Amino acid sequence: MIRRCDGRDFEVIWAIINDGAQAYKGTIPADRWTEPYMSREKLQKEIDESVVFWGYEEGGELAGVMGIQEVRDVTLVRHAYVRTSSQKQGIGGKLLSHLRELASRPILIGTWADASWAIQFYERHGFQLVGGEEKDQFAETVLDYSGATD
């Protein structure tokens, strides 16, 4: 079941992000990697800046989370993570499909340029790499939803 997360989910969201981020260790530049990957303060700042998290619940527990944020004239998908024990079960794809249904604006996703598995995941779900001025507004590799279906 996919549901909107609320304040009661804060600690679980934080744990999922930090557990799922382990896949990026060694890919994220060493000067950008921290332990934990995301602090509680950073997560709270993201929520305060209007990132709304949605979670995939399995057996009464959250197994994955993705955030969505309206910025300027686009929707950003932020902080897409699945517990390592629940990865490769389609949870990320289900969350991404749900967020696409919620969005009424063009969707952008940022990820690390060296995270080829993440880029391939988004491409399989209809996103394409963005270049030029649009990409230059963001620090990461940016993918744009092309409107294709799964």
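It should be emphasised that the depicted structure is a prediction, and the values quoted were computed from it without experimental measurement.
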Worksheet item: What do the steps show when you test I16 against F53 for side chain to side chain contact (heavy atoms under 4.5 Å, CB included), and what is the final call?
Response: CA-CA 12 Å; I16 290 170; F53 282 92; over 6 Å; no
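Sorted by first and then second residue, the pairs that involve residues 8-24 and meet salt bridge (charged side-chain N to carboxylate O under 4.0 Å, His left out), not counting sequence neighbours, are R3-D9, D6-R8, E11-R40. Identified under the salt bridge (charged side-chain N to carboxylate O under 4.0 Å, His left out) test for residues 20-31, with sequence neighbours left out: K25-E35.
S97 contributes atom OG, which lies 11.0 Å from atom CG of L102 (distance to the nearest 0.5 angstrom). The distance from the CH2 atom of W117 to the OG1 atom of T27 is 3.5 Å, given to the nearest 0.5 Å.
Using the six-membered ring where Trp is involved, H125 and F121 have ring planes that are tilted, between 30° and 60° apart. Taking the six-membered ring for Trp and thresholds of 30 and 60 degrees, W54 and H98 have ring planes inclined between 30 and 60 degrees apart.
Side-chain atoms of L96 and F127, non-hydrogen and from C-beta on, do get closer than 4.5 Å to each other.
Atom CZ of R4 is surrounded by 12 or fewer heavy atoms from other residues, nucleotides or ligands within 6.0 Å.
Taking E101 as the reference, nothing meets the salt bridge (Lys or Arg N to Asp or Glu O under 4.0 Å) condition, with sequence neighbours excluded.
A donor-acceptor contact shorter than 3.5 Å is absent between the side chain of R124 and the backbone of G93. Distance alone, capped at 3.5 Å, places no donor-acceptor pair between the R78 side chain and the E46 backbone. For E57 (side chain) and M1 (main-chain N/O), no donor-acceptor pair under 3.5 Å exists by modelled atom type.
In this structure, L62 and R83 approach most closely via the heavy-atom pair O-NE, 2.9 Å.
Under the 6.0 Å cut-off for aromatic ring centres, W14 and F10 do not qualify, their centroids lying 6.0 Å or more apart.
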